[in-house]
Amino acid sequence: VDSSRPSDHFDQEAAPQREGIIQPQLGFVGTLRFFWRQLTSMRTALFLLLLLAIAAIPGSLVPQVTSDPNGVIPYKAQYPELSAVLDALGVFSTYSSVWFSAIYLLLFISLIGCVVPRTKHHFEALLAKPPKTPARLERLPGFTSTARTVDAALAVSTAQALLKRQGYRAEVYGESVSAERGYLRETGNLVFHTALIGVLVTVGLGGGFGFTGQKIVVEGSAFVNVLGNYDSFNPGRFVDGSNLTPYRILLDDFDVRYEEENFAGYGQPIDFTATVSTTEGDRTAEATIKVNEPLHIGGTEVYLLGNGYAPVMTVRDAAGEIVTSQPVPCIPQDAQLFSVCVLKVPDGLEEQVAFRGLLYPTTGQLDNGALTSVHPDLLDPTLSLEVYAGDLGLDDGIAVGVYTLDTSSLTEIAGRTAAEPTIELKLGDRVDLPNGLGSVELTEIPRFVSLEIHRDPAQGWVLGFAIAAVLGLLTSLFIPRRRVWVKVAGDRIEYAGLARGEDPTLDAAVADLAEKHRRSLADRA
Amino acid sequence: MPRSPTSPRSTGGASRTGLKLELVTDTLAQYSLVLVYSGMAVYALAFLVYALDLGRRAAAEPAASTVSKSAATASRGSTALLERTELLTEIAAKPTRSRYARIALALTTLAWLLHVAGDALRGVAGGRVPWANMFEFTLTATAIIVGIFLLVQLWQRLEFLGVFIIGFALIALGVATVNFYVDVVPLPPALQSGWLVVHVFVAATGTGFLAVGAALSITQLLQARRTALGRGPGFLTRIPDAEALEAMAYRVIVVGFVFWTFTLIAGAVWAERAWGRYWGWDTKEVWTFIIWTLFAGYIHARATRGWRGSRSAWLAIIGFSAVVFNFTVVNLFFKGLHAYSGL
């Protein structure tokens, strides 16, 4: 579509070109102009739009590094050959891949190339008068005529006043009125498209100047907003995490309520409330964080995204001296919060020792005798421990995950493959370790919450542009833009209209105008 | 507090008021289901009568369609030409619906009232809006689709869409009651938000408009094919021509598109509250975006040379297929955060 046309004008087929015309050479600038015209044409925009829809599909079929990092690793293990191809194409991060970015950037360039000249054209149209009345109205939509009973000047001035009251710009040309309304339609269209550009820019900026981070906090302990205190930290391109707003969030209590009255939903969590004490500068306050109610503090939002149990295991050496006594967060495996955790004790005992713990918050037994959890609340907890001794591999300078245990250079000393059985602890139980290494005690089982700390300075702007886009969309789709003419032709008065874009009510509007005009003339006469 | 750890049911009944509430919830949910089944039976009857109506149209002599011309004029926009005399006859001659059509619409209205009552009762049983899982969403969305179908009857004579719309609603309700049914359970914390009311309702309404639009587009394609081939199902001679159907489809889909845009934005705002970011290319977000892009394409296609007509109708149908895909396949088989099917 020619960029100076209104948004919903549609092209007619061009008249067939006569043969034998030799077109001039385009030259370099001409070629550039040709490509620019192609890029900003409606056909290309439509093609890019549909291509964008198709290009978005693979990212929903294959786990994405950004939204599902834990899904990517098993996927790659399951389909190694396919994954190599997908990796080369960047499908695991589709939405930041070169090809996906290329499509939407081209689309937005095309959009800008369309919006800018149209804005200029619309601005000129806003300043201009409605065009001259066509010579022959009877070929136009909604044409109707009535007998003239008053003099021409009165008919014309009454029509002008009537049209102005109906929101038209009405201009008198000789013995006729030319009127146009619905400029807001094009304004809305331009606002919509410009707002989309605004959304794209602010989303990009927000990603660059913001960050997200995660932190597991156990009841009774605190999170401090400094880089070193995060479990993981994903900064934007222009952020290094060195000047975070200092604040402190102490988790006083984490309360979970479970459904107890509805059989079908029995045991389902129905409320998570983290009660916290916050300290920002010298101000302290009490606050709560819930699933749909993040905490706003220090320019960041703090979300409650997960929870579980962090049993405190007290390990003593052979002499009874405490080697370690700290909460160990266990990762939930199912809805009943059966959870697993790993505790590594590199120093203090005669050998390096590791525990793999399986926590059953409410212990039940399967038919085969294996333990299971039957309720997520801490009603009857059991912690079963497999104990390993040997080399933990922590001294090689290679990063090792705290939640994983590599048993390749360890020997199981209590558990399924060892002489000693798996250690089973109830709350307060203390059991001796094999080989006279010492003892382990299940001291207490506090809960932990996993917090997500998020800062996006451009978020409000994105929302603002999104709202502007909706408002623009509404006006551009539902405000009709039309021209209407009232013309004195001899002893008759003629009426006709012309739609600019979709306008299903044009005929009714012209008929209504003719009727109103007839009545107001009758009043005058 | 001493509580039995092993048997959930034994503790569930411990509270007397809890037990009573539980019984009320169960009973209401049962009544709700009975109403929905009754509605489905009446829908099935209505479907038959719609089909008979189409058959009758096929048998009758072809007559000039009245709806088509006024709408066609509108659709041609700036180049539309119309003789004054033609317009007058159109306004004057507004024939009444056939007896079959009136019976079918009456049955549909009755079935719809049963359906809405069943849906409302389900909401009462849960003490919340009846769209918190796939079963409830299907119940509500189909009620909205049929509601929009009935609403557009006041605007245009579109009872011939009944076969598509009621057929679709019946299949959806059948799948919902057989495959998606879940008991009333409390809302998980992630859904405890005012946005549940807004975001999901708007999504259901958008789906309703897009469904009616897709039905119009399918009819438009059939009509265009009949015109091109010069032969086809007889009932098509008694309904508006392809251009008029396209104009109506466009008007309905544009409304659906606005609702879909709002769904997308409301979803992003809620995602920011509940998931900690407003956009993360979660599978549900991806498909909602794809659908939005397809319908944006549809609107642009109507202004692009060579894309008006059947091609844009195909886009509308593909777009609505993506809506159905997003609700069924993406919900059930794709991994993502938006996992509220209750299944």
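Computation of the quantities below employed the complete heavy-atom set of this structure, encompassing side-chain atoms and omitting hydrogens, waters and symmetry-equivalent molecules. Each chain gets a letter, A, B and so on, in the order its sequence line appears, and its residues count up from 1. Note that this is a predicted model, so its numbers are computed, not measured.
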Hey, could you give me the [atom1]/[atom2] distance between [X] and [Y], rounded to the nearest 0.5 Å?
| X | Y | atom1 | atom2 | value |
| --- | --- | --- | --- | --- |
| B:Phe262 | A:Leu473 | CZ | CG | 12.5 Å |
| A:Ile54 | B:Leu294 | CD1 | CG | 8.0 Å |
| A:Leu52 | B:Thr293 | CG | OG1 | 5.0 Å |
| B:Trp292 | A:Leu49 | CH2 | CG | 7.5 Å |
| B:Trp281 | A:Thr66 | CH2 | OG1 | 10.0 Å |

key: Interchain contact, A:Phe192 with chain B, by part (heavy-atom threshold 4.5 Å)   =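 Just its side chain gets close to chain B.
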Can you tell me which of [options] forms the most heavy-atom pairs within a distance under 4.5 Å of chain B?
| options | value |
| --- | --- |
| A:Leu304, A:Ile467, A:Val462 | A:Val462 |
| A:Ala53, A:Gly265, A:Ser60 | A:Ser60 |
| A:Thr94, A:Leu48, A:Leu463, A:Ile57 | A:Ile57 |
| A:Val302, A:Val470, A:Val203 | A:Val203 |
| A:Ile270, A:Thr212, A:Asp271 | A:Ile270 |

inquiry  = Applying side chain to side chain donor-acceptor pair (under 3.5 Å), can you list everything that pairs with A:Thr300, at least two apart in sequence or on another chain?
reply    =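 Only A:Tyr247 meet the side chain to side chain donor-acceptor pair (under 3.5 Å) criterion with A:Thr300.
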Please look at [X] and chain A and tell me whether the side chain, the backbone, both or neither of the residue comes under 4.5 angstrom of a heavy atom of that chain.
| X | value |
| --- | --- |
| B:Trp195 | neither |
| B:Val255 | both |
| B:Ser193 | both |
| B:Leu191 | backbone |

request  = Give me the contact list for residues 271-279 of chain B versus chain A, heavy atoms only, anything under 4.5 Å, ordered by residue number.
outcome  =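 If one takes a 4.5 Å heavy-atom cut-off, the residues of residues 271-279 of chain B near chain A are B:Glu272, B:Arg273, B:Ala274, B:Trp275, B:Gly276, B:Arg277, B:Tyr278.
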message = Does anything in residues 283-290 of chain B reach chain A? List residues with heavy atoms under 4.5 Å apart, or say none.
response =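 The stretch touches chain A at B:Thr283, B:Val286, B:Trp287, B:Phe289, B:Ile290.
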CZ/A:Arg136: more than 12 non-hydrogen atoms of other groups inside 6.0 Å =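 Result for CZ/A:Arg136: open.
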key: Enclosure of A:Tyr258 OH (heavy-atom neighbours >12, cutoff 6.0 Å)   =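 Atom OH in A:Tyr258 is packed in, count exceeds 12.
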message = Please check: side-chain N/O of A:Asn292 versus main-chain N/O of B:Pro189, any donor-acceptor pairing under 3.5 Å?
response =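 Indeed, once roles are kept as given, a pair shorter than 3.5 Å links the two residues.
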task = Please name the pair of heavy atoms, one in A:Gln268 and one in B:Leu187, separated by the smallest distance, quoted to 0.1 Å.
result =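 Closest pair (atom of A:Gln268, atom of B:Leu187, distance): NE2-C, 3.9 Å.
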ask   = Hey, what's the ring geometry for A:His193 with B:His300, parallel, tilted or perpendicular (30° and 60° as the breaks)?
value =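 Taking B:His300 first and then A:His193, their aromatic rings stand perpendicular (interplane angle over 60°).
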task = Tell me, with the steps shown, if B:Val185 and A:Tyr266 meet side chain to side chain contact (heavy atoms under 4.5 Å, CB included).
result = CA-CA 8 Å; B:Val185 296; A:Tyr266 186 82; over 6 Å; no
By salt bridge (charged side-chain N to carboxylate O under 4.0 Å, His left out) - contacts of B:Asp183 (at least two apart) =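 For B:Asp183, no residue satisfies salt bridge (charged side-chain N to carboxylate O under 4.0 Å, His left out) once neighbours in sequence are set aside.
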ask   = Under a 4.5 Å heavy-atom cutoff, which of B:Gly280, B:Gly297, B:Pro186 has the most pairs with chain A?
value =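 Ranked by heavy-atom pairs under 4.5 Å with chain A, first place is B:Pro186.
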ask   = B:Val258 and A:Phe478: side chain to side chain contact (heavy atoms under 4.5 Å, CB included), yes or no, with the steps?
value = CA-CA 11 Å; B:Val258 171; A:Phe478 300 116; 3.8 Å; yes
